[in-house]
Amino acid sequence: MATVKHPYVPHDLELPGFVPNVLAYETILGVFFGSSALVVLLMFTITGRYKYLTTTERLLAGWWMCTGIIHFIIEGNVVVNNKYYQDSTGHILNEIWKEYTKADSRYATRDAFIITMEAVTAFAWGPLSFLIVVGVLNRTPWRFSAMILVSLGQLYGDVLYFMTCIYEGVHKFSRREPLYFYGYFIGANAIWILVPLLCIIYCSKNINSAVAKSGKVEQKKTL
């Protein structure tokens, strides 16, 4: 059987059994971003029943549910499925990764850093993201610590992801077309730098405010 040429870089990369995407990239992107937006919208609608939640808290619940699903299901799939590029059934999870691999072929070659980083992201940050949703809905005191922990993990993983690629050569693994490099590689990953930073700032302000109020109460007690 003739080997089908893959669309990844480097072009001499050997991927025996490679099967091109069954779905068009517009369909793949539509499913991914449409589903993500739907999850956030559904969570925002459902949390409207919790009258004590602020708009920010409702948006946080949507973000953590969405990011939890992406981490645990989508990123978890690439960890456990080491031959996703051979799939010919059109399975959406494999289609997503075959499309994204145009921006980073290290997923197809099972790069040690990529797979271990994704394993932590999928099976540690994923479940913890769902736990944070519970914490936000119930306004538990530990929700701020949990959000900072996972957000720092996401931020650290993303920074290492970019830095290892820069160290080895930005375009060694990524195609140069704007969609793949600026859209997939930079744009999609930048979300997990921007939002975690905002979450860390939000949690830090709340923790600092609570500590300040507690300090004032203690001062009054000693007077």
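Start at 1 with the first residue, then count along the sequence. Treat the numbers as computed from the prediction; the structure is a model and nothing was measured.
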Exam field: side chain [X] to backbone [Y], donor-acceptor pair closer than 3.5 Å:
| X | Y | answer |
| --- | --- | --- |
| Lys98 | Asp87 | yes |
| Asn138 | Val134 | yes |
| Thr45 | Leu41 | yes |
| Thr121 | His71 | no |
| Glu75 | Phe123 | no |

Do Pro7 and Phe18 come within less than 4.5 Å of each other through their side chains, counting heavy atoms only? yes

Kindly indicate whether the side chain of Thr101, heavy atoms from C-beta on, has any atom under 4.5 Å from the side chain of Tyr84. yes

Taking the six-membered ring of Tyr161 as reference, does the cationic atom of Arg106 (NZ for Lys, CZ for Arg) lie under 6.0 Å from its centre and within 45° of its axis? yes

Tyr107 pairs by ring-ring contact (aromatic ring centres under 6.0 Å, His included) with which of Tyr100, Phe113, Tyr8? Tyr100

Rounded to the nearest 0.5 Å, what's the gap from [atom1] on [X] to [atom2] on [Y]? Could you check?
| X | Y | atom1 | atom2 | answer |
| --- | --- | --- | --- | --- |
| Trp125 | Leu131 | CH2 | CG | 12.5 Å |
| Leu53 | Leu137 | CG | CG | 6.5 Å |
| Ile201 | Ile148 | CD1 | CD1 | 11.0 Å |
| Ile46 | Arg58 | CD1 | CZ | 11.0 Å |
| His6 | Leu13 | NE2 | CG | 4.5 Å |
| Asn77 | Glu118 | CG | CD | 11.0 Å |

Do Arg139 and Glu57 meet the salt-bridge criterion of a basic N to acidic O distance under 4.0 Å? yes

